[in-house]
Every structure is written in structure tokens, then in C-alpha cells.
Amino acid sequence: MKTSEINFSKLDKPVPPPPLVVAVLHMRFAPNPKNLTNEIVMISCLTQNSYALDKIAPNPPFQSDFCVFTTPQHTVMPPDIYKTLSNFKRTKVQKMDSEKALLNFFINQYQNLDPDLIVGHDLQGYQFSVLADRLYTHNIKNFSKLSRIRRTSLHHKIDKVLFTGRLVCDIKISAKESIKSRAYDLGTLCQTVLNFKENQRLDLEPEDVPKMFNNSENILKLIVLTMSDATYILRMLYNLNIIPLALQITNIAGNVMSRTLTGGRSERNEFLLLHAFTEKGYIVPEKTPKKSNDEKQKNSKRKPAYSGGLVLDPKVGFYDKLILLMDFNSLYPSIIQEYNICFTTLTVDSSEENILPDKTLPVGILPTEIRKLVESRREVKKLMKSIDKKSDSYMQYNIRQMALKLTANSMYGCLGFSNSRFYARSLAALVTLKGREILTNTRDLVQKMCFEVVYGDTDSIMINTNIVDFDEVNKIGNKIKQEVNKLYQQVELDIDGVFKYLLLLKKKKYAAVTITKLDDGKLKVEKEYKGLDIVRRDWSQIACEAGKIILDQILSDKSTDERIENIHNYLRKIKTDFETSKIPLSMLVITKQLTKDPKSYNDKNSLPHVQVALRYNQKLGGHFRSGDTVPYVICDDGSNKPATQRAYHLDELKSSESLKIDVKYYLSQQIHPVVSRICDPIEGTDAFQIADCLGLDTTSFKKPVIRNENISELVAKPEIKFKNVEPFVFECYDCKQKVYVNSPFNGNILFLEKCSNCDVRPIDYLPYIENRLSSTIKKYISKYYLNVMICEDPACDNETSRLPAKFAGKYPVCTLCKGGIMYKKYSESDLYFQISYFRHIFDPSQSSKKITMSDQIEEGYQSLREIVEKYLNHSAYSVVNLTELFSGFLIRDSQQPHMIFSSFQEMDEEEDEET
DNA sequence: TTTCCCGTCCCTCATG
DNA sequence: CATGAGGGACGGG
């Protein structure tokens with residue numbers, strides 16, 4: 001590639017392009033215990049020739065490779081090292097006497113290789129800065145030979161420009177842009193990108209490196225590991241098609257390729273627009289350096305500058321009829337074209353008024369550029385159809401169409417980016433405004449066509465067709481598509497898919513089974529999870545897996561009973577697996593990303609990942625920085641601290657005798673919330689039962705249900721005598737004395753107006769009383785659920801919660817004395833009267849006494865009654881059978897002694913439907 | 001040293 | 001004790 005090598009006399013004949021030299025650079029560091037800096041002990045390099053950037057593809061064997069190493073300070077090279085090194089036939093392995101010699105050797109090798117593209121993992125900000133630091137420390141004069149520019153001043157900041165003139169591809173950065181992974185360290189990427197098994201690649205932290213120099217065998221191992229890593233890096237480069245994609249993006253945007261590889265989306269866009277505007281003779285806006293005003297809002301989440309996409313309220317539930325998913329193809333780019341939204345057609349402040357450009361104006365620059373992108377993409381996709389899917393050019397076309405789509409879609413984002421040269425808040429706001437309009441209009445239209453819209457987000461709607469015929473659903477989809485598309489020129493609705501099952505939990509949280517028709521007419525089903533905890537990296541893998549297995553039950557073709565049965569059984573199994581330590585540690589790891597340097601967090605104590613990172617960075621070779629994902633587990637360390645302060649790195653757990661996994665945390669804070677959120681709309685199970693299966697304290701999982709419900713007249717006026725009931729008791733918020741409420745009036749005083757022991761008005765802390773009331777009622781319900789039975793014979797005194805097998809007619813026979821009949825110790829009627837009693841004491845107006853109440857007091861009573869009535873109303877089943885209630889208690893045929901409050905779940909669902 | 005906004009969830013802390 | 005605000009993380013589109 002050097003100019004001097006080109007033979008100008010041959011330029012009239014076709015000259016083959018010079019080969020591009022691709023070089024993987026991978027280094028090993030050992031920490032210096034004295035000053036905690038890293039020293040370089042090994043550099044490996046693997047090179048391969050290629051003839052064009054868009055044809056960089058795997059075709060081993062590799063051109064050449066070398067590995068050079070030296071021993072860490074205060075370590076002696078094993079004497080038999082030369083013999084060992086002779087094992088390497090293909091790889092040139094060199095031993096150096098010092099780090100300085102190693103660096104010089106490396107520079108010389110690089111100068112000869114003259115690589116065009118340098119590939120590595122975590123180069124920017126880690127490997128390069130260590131390298132720069134060592135070059136500086138040893139004052140290596142010819143450091144600039146690493147680059148293609150002559151430099152003389154060697155300073156600390158040199159790492160940014162160390163390889164100027166060569167493309168640098170850091171696969172950590174590139175992977176972040178192109179794939180989603182739990183973490184982006186080399187080991188994790190090997191699993192995500194190369195499908196490696198858990199321990200297929202051995203990970204060595206810098207602190208482990210010095211040990212490897214104990215004997216020549218380990219040195220050999222270290223060399224092999226390092227060279228292997230280099231091959232993994234190269235394979236990932238190929239697998240992710242990083243270079244061809246970057247090349248396409250660069251071609252489209254017209255920026256500098258090295259900058260495409262270093263990330264930074266807005267710059268690409270900036271160049272595209274710069275070219276477009278300059279071409280048309282416009283003077284582009286000045287690049288403003290930086291606003292110091294925004295300084296304080298830099299890190300903390302500033303509030304949005306304008307409103308964005310609309311999210312329709314989901315109709316929560318499980319759907320087993322076909323759901324039609326429709327969405328607008330690239331909505332925002334289409335809107336820009338549809339309404340001719342551009343710098344050239346609109347004034348700065350025209351967004352608030354929803355003013356559109358005049359129809360007579362010429363097409364603006366922005367819409368034109370987008371149009372070009374969209375049309376090119378259409379062309380490329382057309383070309384792809386006529387080509388073998390396995391061929392090379394198909395691949396390349398596919399990459400190009402991806403790049404075109406990415407560029408078109410990022411156009412809008414850059415309008416709203418406050419640091420962009422082409423920042424245009426009003427244009428961005430107008431685009432989203434039109435987006436919201438279009439989505440609402442579409443929803444209304446679909447509803448007018450008598451279809452049920454169950455959800456929609458920004459550019460999509462889900463329609464419950466209520467039918468099960470796949471072809472029929474597609475017909476409906478086409479009909480809707482036709483109607484909607486009549487309204488627009490550019491904006492276009494299309495069928496995106498059909499769901500066989502849909503579990504819709506919340507906005508942006510759902511799971512579905514998609515169904516597609518293959519070419520041979522067969523139907524294929526696939527699962528899709530969106531936004532659920534199980535797709536998030538900040539939950540432990542065991543919680544994700546549990547959630548997934550439970551979800552798969554719900555989304556299966558099995559019967560309801562079988563599904564519930566399987567779910568509960570699985571949960572019980574998880575519990576025993578935990579108790580018997582059968583869960584692999586790696587399943588328990590929680591990973592969280594550092595969004596800033598660990599030191600610059602304000603409340604370090606409450607953030608587990610920050611604590612772990614800080615502690616780890618104290619150690620040798622620890623290097624968690626902004627952007628890294630920190631893995632940790634929650635341990636029982638004998639302390640009483642909150643779970644957030646008991647997070648430890650896996651290494652800390654392994655090397656400690658006293659640390660143990662906090663099983664209870666994982667069951668109650670990981671498995672339980674994930675599973676119960678998934679099961680929320682499912683009948684037959686609930687948070688309580690899930691907690692029960694996991695062996696957790698169930699009382700804490702009953703949620704307070706406080707809603708305004710009408711009460712049946714039957715319950716409103718029960719002419720019943722209250723015996724064997726207990727008063728309502730709470731502690732005064734102020735004097736801490738117990739207050740007993742056992743009638744509507746305490747003398748002539750309403751209990752909400754004055755505490756019985758001091759002067760504070762209980763009405764002033766009503767929410768507390770409401771809560772006490774809820775939990776008191778729930779305490780009684782729990783008591784009922786205990787299902788304790790006693791023998792009628794006072795002499796027998798048998799108590800059990802197990803239903804005897806033997807019955808005398810309707811009644812169970814005592815298992816102890818074999819003669820007496822068993823009754824519930826706390827029966828349905830006991831419970832019913834207890835709760836009714838509460839209603840009675842919270843209703844002074846029912847009394848014959850005349851009393852005037854302030855609005856506040858009246859509302860207070862009203863609120864308390866509503867809580868009580870909520871529970872009473874849900875017990876309608878028993879209320880209807882009042883006679884049965886009075887008759888004592890009963891075992892219904894073919895049923896377990898049943899709970900009168902079984903209908904809570906159903907009530908919750910009815911409420912949701914109303915909204 | 002950064003494309004946007006929307007929404008859920010966890011945790012802590014101040015306030016009633 | 002309940003509640004809401006605020007910081008943080010992360011995924012959807």
C-alpha cells in the first residue's frame with residue numbers, strides 16, 4: 001500500500017488491488033503489585049490478507065501469526081522454555097528478556113506487516129491505553145511506526161492516535177452496535193456470537209497471569225490461550241459482518257470509515273446531510289462546540305425535550321384466538337416524506353401549532369435523501385429475490401439493505417439529538433406528532449370496522465380477530481390495510497404477523513406465539529418475548545429460565561389444569577433444587593451495566609453493581625469502567641444488611657469460606673416476582689400460590705385490593721347478631737396506644753374524630769388505618785384458610801388441618817376418637833360475620849342516633865366501608881347461601897372445603913375490562 | 001464522552 | 001406506616 005511500491009508504468013494495464021492486511025491484536029497484562037498498573041507480558045498477532053473490505057470473509061489458513069512474550073517482573077524464565085517453544089511449528093513464538101524488548105520487537109513486526117485493519121477486543125480505552133502507558137514509561141522512540149504518520153512527542157494521551165492511518169475495529173464496540181448480549185466481554189461474546197459452551201473458553205484475569213509463568217508448561221498454555229482468543233476475535237469479526245456493514249454505512253453517509261467503526265451514530269448522519277445540503281448550494285450550520293448549560297443534565301436523566309410515540313392502553317389478558325399484528329413500514333421516514341418535513345420547508349417554531357408545509361413547496365432535502373435511501377433499498381431487495389440465498393452477493397446485498405434501513409431510520413433520531421449539527425427539535429416533534437395522529441386514526445378506523453384493538457405501540461396495532469382460521473385472518477388484515485392506506489401516499493400499513501396465542505401483560509410487555517405459513521403450506525409456530533423480565537439481562541438466568549418455562553406452559557396447547565399443575569410442580573422443584581444447591585452458580589449471576597465511572601455515582605451504597613465494581617477495582621488488575629457490565633450474586637454474609645449491600649463477585653464467593661448464596665433472596669426477589677408477573681392474568685394461580693410453592697412466607701404476598709364497588713343489598717342490611725366477633729384494633733399513630741373499635745360510637749364520639757387516649761385525630765392518618773383494616777381482614781381470611789378442624793367431642797380435643805378420609809354422611813369423622821364429627825374451628829360463617837361486623841362499626845349513619853359529620857370524617861368512613869365491602873362483595877358465593885352459612889359448616893360434594901374468597905381473581909379482571 | 005422518547009420495575013429517602 | 005419523588009437500569013419501537 002505504500003506509494004513507493006506502486007509501479008506507475010503499469011498503470012495503463014489493469015492492476016490487481018494491493019492486498020489488505022488484516023491483523024488481530026491481542027495482549028496479556030500482568031498487574032504490577034507496587035503501583036497497580038498493568039504491564040504487558042504477551043502480545044499475539046494473527047494476520048490475514050484480503051482483497052476488498054466488503055469481501056473480508058473467513059478463509060483460513062491464516063497468513064501468518066506471531067506471539068511475543070516476556071516474564072512479569074521478579075519472575076524467572078523456566079530453564080526448559082526453549083525446548084517447549086520448539087513445539088510451535090507454524091506460529092512464530094519469541095521470548096524477550098524485558099518488556100521494553102518486547103515492545104520494540106512488536107513495533108518492528110508491525111512495521112513489516114503494515115496492517116491496514118487492526119482488530120481486537122476492548123482496544124479503545126483499555127488495551128491501547130495500557131500500550132500507550134508502557135510505550136511512554138519505556139520511552140520507546142519509534143512508537144509512531146505503529147501508525148502511518150510520523151510523530152515525535154510521546155505523551156499519555158497518545159492511545160487515541162497510536163494507530164493513525166490504519167482502520168481500527170474494536171469488536172467490543174461493534175458488537176454493542178449490532179447484537180444484544182448479556183455482556184460484551186470476550187468470554188460472553190464467544191457464547192453469544194460463536195455459540196460457545198459455558199466454559200469452552202478459559203478466561204484469565206490479569207491477576208492470574210503471573211502464576212502462569214511458574215513453569216514452561218503453563219507458559220505454553222498461556223500462549224495457546226492467547227492465540228486462541230485472537231482466532232475467536234477474527235471469527236466474530238466475520239460472523240457479525242462488521243467490516244462489510246461499516247463499509248456500506250460509510251458509502252451511504254459519506255463519512256470516514258474509521259469513525260464508523262468507533263461508533264457514534266449522529267456523525268454519520270451529519271455527513272449525509274452535509275453532502276446533500278452542500279450539493280444543493282446551501283450553507284450548512286456551524287458546528288457548535290458544546291453547551292456548558294447542559295453540563296448538570298449530562299449524566300442525570302434530563303426530562304424529554306418533546307413528546308414521542310403513542311402507546312395504546314393494552315387490554316391485558318391471555319388470548320387464544322388469532323391476533324393480527326399490523327404495523328407501518330418505517331413510519332417516521334415515511335412521515336417525513338408524506339408531509340415534506342424539512343429544514344427547507346418549515347420555520348423553526350412551527351411545530352407547536354401542528355403547521356404543515358405548504359403543499360406547493362418543492363420537495364425538501366430531507367425527504368429527498370430519505371426517498372433515495374428507501375428507493376435504493378427497494379432496488380436492492382428486488383435484486384435479492386432473483387439470487388440464490390446462499391450466494392456471496394446475496395449476503396452483500398442483504399448487508400447493504402440493512403445499512404440503508406439503519407441510515408433511514410436513524411435520520412429522525414438525529415433531528416432530536418441536541419448535540420447534533422442538524423438538531424431540529426421542532427421537526428422531530430412534528431414527526432412524532434404526526435405519528436401519534438396516524439396511530440390514533442388507524443385505531444379508530446379499525447374499531448369502526450368492528451374489530452377489537454387490544455394494543456398498539458408507536459407504529460403498530462394488535463387486533464383480536466376472535467377467529468382461528470389463518471387465511472381468514474389474513475383476509476381481514478388485507479381489508480384493513482386497504483382501508484388505512486387509502487388515507488396516505490407514503491405512509492403504508494402492512495401485516496406484520498399473526499399470533500396464535502398472546503399473553504399481554506403491560507405496555508411494552510408481552511409474549512406471543514407467532515404463526516406463519518411456509519412455502520409448502522405448512523404452518524410454523526415460533527415464540528416471541530417482548531419486554532418481559534426474562535429478556536432482560538438484569539435478572540438472574542435462573543429467574544429468566546423459570547419464567548420462560550412457566551411462560552411456555554401458558555403458551556402451550558395443554559389443558560388449563562395441566563398447565564397450572566406443571567407450573568406449580570416446576571416451582572416446587574426449583575425450591576428443592578435451591579435447597580439442595582443443585583443450581584449452578586452461573587445461573588445466579590445478575591449483570592448490570594455501569595453507565596458512568598463507578599467512582600462518580602452519588603449513592604454507591606444502594607447500587608450493588610457499583611459496590612462490586614469499586615471493590616473489584618481495588619484489587620489487582622480489576623478494571624470495571626463506564627459501559628462495562630458487572631456480574632454479581634447476592635450472598636448471605638452473616639450480616640443483616642439489605643440485599644443490595646450483599647452483592648459479591650463470583651470470584652469473591654468462590655474464594656470465601658463464610659459467604660453463601662442467599663437462597664431466600666433468589667426465591668423471593670428473583671423467581672417469585674418474575675413468575676407472578678407472568679401469571680398475573682392467568683386463572684388458577686396467583687402470587688400467593690406461587691409463593692406457597694416456593695416455600696415463602698405467603699402473608700407478605702397478598703396484595704391489598706382497595707376499590708370502589710357496589711354492594712349487594714343483601715349484604716348491606718344483614719339482620720344479624722354479632723357474636724364471637726373481635727373488635728377492630730389499631731395503634732394510635734401518635735401515642736402508640738391501642739384503640740379498640742367495637743361499635744359505631746364510643747359514647748357519642750366517632751372514633752375517627754378522636755383517639756381514645758390522646759388528642760390526635762385518627763382521620764389525619766387515615767391511610768394507615770385503611771391499611772390496618774385490610775391486613776386485619778386478611779388475617780381473618782388466613783385464619784379461615786388454615787382450615788383447622790376440631791372434634792365436636794370436648795373430651796377428644798382433636799385438632800387437624802387435614803381432611804379426614806372417613807365421612808359420616810356430609811361430615812368428616814374424627815381421626816382420633818373415631819366417633820365425633822369434625823367442624824371447622826374457624827368457619828365460613830365466623831369469617832363472614834367478622835367482616836360484616838366491621839362494616840357495621842364503620843357505619844354510624846345506620847344507627848338510630850342523629851349525628852352530624854364533617855365531610856372529611858364522612859369520607860373517611862366511606863373509604864373504610866369500601867374496603868370492607870370489597871371483601872364482602874367478593875364473598876357473594878356464600879352470601880347467597882346464607883342459610884347454609886347459618887347451618888354451621890359443610891363440605892360440598894366433590895369439593896375440598898372451599899374458600900368463600902375464591903372470586904378475587906375474577907373480580908380484578910372484571911375491573912380491568914371496564915377501563 | 002452521547003439518535004430519540006415511552007414505560008416498567010427496583011431501590012432509597014424525605015414527607016405526611 | 002404509606003406515598004411519591006428521584007436515581008438507575010433496561011427494553012420497545
Side-chain angles (χ1 to χ4, degrees), chain A residues 124-125 160 177 180 182 262-270 290 294 297-314 327-328 330-332 406-407 409-420 422-425 427-429 431-432 435-436 439 455-460 496 505-510 528-539 590-597 601-610 625-627 629-630 642-645 669-670 673-674 677 704 706 730-731 733 736 764-772 774-775:
Chain A
Q124 313 277 347
K160 298 277 184 299
E177 192 179 329
K180 201 186 78 179
R182 262 184 108 80
T262 56
R265 313 261 230 280
S266 76
E267 196 179 275
R268 305 168 189 176
N269 228 270
E270 183 181 328
K290 193 171 139 188
D294 291 348
Q297 293 183 334
K298 198 171 54 177
N299 269 330
S300 67
K301 228 172 104 185
R302 76 216 187 285
K303 79 177 201 248
Y306 60 94
S307 39
L310 176 68
V311 187
L312 301 181
D313 258 342
D327 75 344
F328 290 99
S330 354
L331 180 66
Y332 288 169
L406 283 173
T407 312
N409 283 342
S410 69
M411 214 69 137
Y412 149 75
C414 292
L415 288 180
F417 176 39
S418 56
N419 279 9
S420 161
F422 294 98
Y423 174 54
R425 195 188 65 96
L427 297 193
V431 171
T432 55
R436 291 192 296 275
L439 188 67
Y455 181 57
D457 185 346
T458 311
D459 62 351
S460 69
D496 198 39
L505 294 184
K506 283 263 161 69
K507 285 179 173 178
K508 298 181 192 286
K509 283 178 193 284
Y510 61 89
E528 205 174 284
Y529 312 113
K530 292 288 162 103
L532 304 176
D533 298 326
I534 59 169
V535 302
R536 295 168 64 102
R537 75 154 101 91
D538 54 352
W539 290 95
I590 300 162
T591 47
K592 274 206 172 88
Q593 194 176 40
L594 294 164
T595 48
K596 42 189 170 187
D597 195 84
Y601 278 87
N602 283 331
D603 48 351
K604 306 173 173 78
N605 282 346
S606 67
L607 297 168
H609 62 305
V610 177
R625 308 183 312 276
S626 173
T629 36
V630 185
T644 44
Q645 291 176 37
Q669 306 296 125
Q670 291 278 321
V674 171
R677 273 195 283 271
I706 301 165
F730 66 96
E731 275 178 1
Y733 185 73
K736 309 289 178 208
D764 292 332
Y765 52 94
L766 185 68
Y768 167 68
I769 295 175
E770 289 175 335
N771 231 32
R772 290 301 311 153
S774 286
S775 59

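Below, chains carry the letters A, B, ... as their sequence lines are ordered, and counting in each starts from 1. We use all heavy atoms of the structure for the numbers below, so side chains are in, but hydrogens, waters and symmetry mates are not.
- Checked by distance alone, A/Lys508 brings a side-chain donor or acceptor within 3.5 Å of a matching partner on the base of C/dG12.
- Atoms NZ (A/Lys592) and P (C/dG11) sit 11 Å apart, rounded to a whole Å.
- The side chain of A/Lys506 contributes an N or O atom lying less than 4.0 Å from OP1 or OP2 of B/dC9.
- Across all strands shown, A/Arg772 has no heavy atoms under 4.0 Å from either base or sugar-phosphate atoms.
- Residue A/Gln669 has no polar side-chain atom (N or O) positioned under 4.0 Å from OP1 or OP2 of B/dC10.
- Contact annotation: the side chain of A/Lys508 approaches that of A/Asp457 to within less than 4.5 Å [non-hydrogen atoms, C-beta and beyond].
- Rounded to whole Å, the distance from CG on A/Asn602 to P on B/dT12 is 16 Å.
- Judged by distance alone, the side chain of A/Thr432 and the main-chain N or O of A/Ser307 form a donor-acceptor pair under 3.5 Å.
- Using a 4.0 Å heavy-atom cutoff across all strands shown, A/Gly413 reaches at least one base atom of the nucleic acid.
- Taking side-chain N and O atoms only, A/Thr644 has a distance below 4.0 Å to OP1 or OP2 of B/dT12.
- Remark: A/Ser606 is not in phosphate contact with B/dC11, judged by side-chain N or O atoms under 4.0 Å from OP1 or OP2.
- Considering only side-chain N and O atoms, A/Lys596 lies under 4.0 angstrom from the phosphate OP1 or OP2 of C/dG8.
- In this structure, the side chains of A/Lys506 and A/Tyr455 stay at 4.5 Å or more apart for every pair of heavy atoms.
- Across B/dG7, B/dT3, C/dG13, the shortest atom-to-atom separation from the side chain of A/Tyr510 is found for C/dG13.
- Remark: the backbone N or O of A/Thr629 is not paired with any side-chain donor or acceptor of A/Thr591 at under 3.5 angstrom.
- Across the strands present, C/dG4 finds its partner in B/dC13; the criterion is a Watson-Crick or G-U wobble pair with both atom distances under 3.5 angstrom.
- Atom CH2 of A/Trp539 is separated from atom P of B/dT8 by 15 Å (rounded to the nearest Å).
- Of the side-chain N and O atoms in A/Lys530, one or more sit less than 4.0 angstrom from OP1 or OP2 of C/dG13.
- Across B/dC9, C/dG8, C/dG13, the shortest atom-to-atom separation from the side chain of A/Lys509 is found for B/dC9.
- Note: CD1 (A/Ile590) to C1' (C/dG8) measures 15 Å, nearest angstrom.
- Closest approach to the A/Pro304 side chain among B/dT12, C/dA9, B/dC6 is made by B/dC6 (side chain taken as heavy atoms from C-beta onward).
- Within the 3.5 Å criterion, the main-chain N or O of A/Gly531 finds a donor-acceptor partner in the side chain of A/Lys509.
- In this structure, the nucleotide among B/dT12, C/dG13, B/dC5 sitting nearest to the side chain of A/Ala305 is B/dC5.
- Spacing between atom NZ of A/Lys303 and atom C1' of B/dC6 amounts to 16 Å, rounded to whole angstrom units.
- When the C1' atom of B/dT2 is taken as reference, atom CG of A/Asn269 falls 14 Å away, rounded to whole Å.
- Nearest heavy atoms, A/Asp327 versus A/Ser460: CB-CB, 3.7 Å.
- Atom CG in A/Asp459 sits roughly 14 Å away from atom C1' in B/dC4 (whole-Å rounding).
- When heavy atoms are screened at a 4.0 angstrom cut-off, A/Ser626 is found touching no nucleic acid atom at all.
- When heavy atoms are screened at a 4.0 angstrom cut-off, A/Phe328 is found touching no nucleic acid atom at all.
- Side-chain nitrogen and oxygen atoms of A/Tyr455 include none within less than 4.0 Å of the OP1 or OP2 phosphate oxygen of C/dG13.
- Checking B/dG7, B/dC9, C/dG13 against the side-chain heavy atoms of A/Lys507 singles out B/dG7 as nearest.
- Residue A/Tyr601 is in sugar-phosphate contact alone, with no base atom involved, counting any heavy-atom pair closer than 4.0 Å across all strands shown.
- One can place CD1 of A/Ile769 at 15 Å from P of C/dC1, the figure rounded to the nearest angstrom.
- Phosphate proximity of B/dC10 to A/Arg677: present, with a side-chain N or O under 4.0 Å from OP1 or OP2.
- For the residue pair A/Tyr601/A/Ser606, the side-chain donor-acceptor check at 3.5 Å is not satisfied.
- Judged by atom type and distance alone, A/Arg536 reaches the base of C/dC10 through a side-chain donor-acceptor pair under 3.5 Å.
- Closest to the side chain of A/Ser266, out of B/dT2, B/dT12, B/dT3, is B/dT3.
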